[in-house]
Amino acid sequence: MPEDVRLDVVKSLLFDYVKSPSLRHIRDPHAVNKLAREITSVFRGPTVWRKWDGQREALLRQAINCWIPIEDLHEYLNGMPGPNLTTTDVAQRLRALWEEDYASYPNDVLQESCLALYEKEMAAGTELPAVIGALQEHVEGEERRLRVEQKTAWRMRVEEERIALQRRFLSGADCKWTSIEKSKELYRRINGRSYRLSPTADKLWKLFRIDSVGDEGVLIGKYSYRRDVNKLLAKLAYEPEPRW
């Protein structure tokens, strides 16, 4: 590939990258790594993909996760300088690019909205590179929204699980470690025996055998890690009750 063509491709990749309205996206390590791989590929030597010059390659990479119909990509790419492409050429080059970066696969959840936006812009007469840019912005925005929704849903599940564990403990049932009213102390009941785990100022844990919440309890020991406490309770809770 001629040097001036390489530079044009790199500039195109950089302009597409920095036009993102999200500063968080620009600083995202995965996005930076992806851009670095794309730029590096421009300066590689000849490959087995002989029909793909810099401009065709750059356009296809921009469309990689946008759910654009293969037939339409094929038609547009054949209008660019270079050997004639078949739809198989386009589909398999896309497949190869996806295998280079598994995170670049189109998001199935966004297929319907991407195709709707694509059809709307094409019907309005928008040129394909501009449509690709609009689709990239759409995908970025929707993926941010999905991440927020997933994070919110995860927090709700965590809170629901915490409340369920708290109710189990207060009802007298065996349960895993749980806080009570979001306290820093943790409570657990195993084999009908209740325990409290209290954090210390020196980042250790004190384990108490208790009868109920609010009970001062009897100190069993002081531990560095909760896993050590869990190993102890796995044995202690099924041994005869000691006389504290």
task: Determine whether more than 12 heavy atoms belonging to other residues, nucleotides or ligands lie under 6.0 Å from atom CD of Glu75.
output: no
Is there side-chain contact between [X] and [Y], with heavy atoms separated by less than 4.5 Å?
X: Met122; Y: Val131; result: yes
X: Tyr223; Y: Leu232; result: yes
X: Asp89; Y: Thr86; result: yes
X: Asp174; Y: Arg193; result: no
X: Tyr76; Y: Leu59; result: yes
X: Pro83; Y: Arg50; result: no
X: Ser194; Y: Phe169; result: yes
X: Phe208; Y: Lys206; result: yes

Distance-only side-chain donor-acceptor flag, [X] / [Y], under 3.5 Å:
X: Ser113; Y: His138; answer: yes
X: Asn84; Y: Asn78; answer: yes
X: Ser198; Y: Glu185; answer: yes
X: Tyr225; Y: Asn230; answer: no

query: Under a 4.0 Å N-O cut-off, is there an ion pair linking Glu99 with Arg95?
result: yes
Do you know the tightest heavy-atom contact between [X] and [Y]?
X: Gln92; Y: Trp49; value: O-CH2, 3.6 Å
X: Gln55; Y: Pro81; value: OE1-CD, 4.4 Å
X: Leu233; Y: Ile190; value: O-CD1, 4.1 Å
X: Glu57; Y: Trp52; value: OE1-CB, 3.7 Å
X: Leu117; Y: Ala134; value: CD2-O, 3.9 Å
X: Arg196; Y: Asp215; value: NH1-O, 2.7 Å

query: Do any N or O atoms from the side chain of Arg188 and from the backbone of Leu197 form a donor-acceptor pair under 3.5 angstrom?
result: no
- prompt: Between Ile220 and Leu236, does a side chain to side chain contact (heavy atoms under 4.5 Å, CB included) hold up when you go through it step by step?
  reply: CA-CA 10 Å; Ile220 298 176; Leu236 187 63; 4.0 Å; yes
Test log, rule side chain to side chain contact (heavy atoms under 4.5 Å, CB included), inputs Trp67 and Val139: CA-CA 10 Å; Trp67 285 112; Val139 169; over 6 Å; no
field: Trp98 reachable from Val109 in the ILVMFWY side-chain graph, under 4.5 Å edges
entry: no
Face-on cation placement of Arg209 at Tyr195 ring, 6.0 Å and 45° thresholds: yes
- prompt: For Glu149 and Arg145, what are the C-alpha separation, side-chain angles and deciding distance, and is it a salt bridge (charged side-chain N to carboxylate O under 4.0 Å, His left out)?
  reply: CA-CA 6 Å; Glu149 289 181 355; Arg145 178 183 63 80; 2.7 Å; yes
task: For Glu181 and Arg162, run salt bridge (charged side-chain N to carboxylate O under 4.0 Å, His left out): C-alpha distance rounded to whole Å, both residues' side-chain angles, the deciding distance at 0.1 Å, then the answer.
output: CA-CA 10 Å; Glu181 299 300 331; Arg162 187 193 69 81; over 6 Å; no
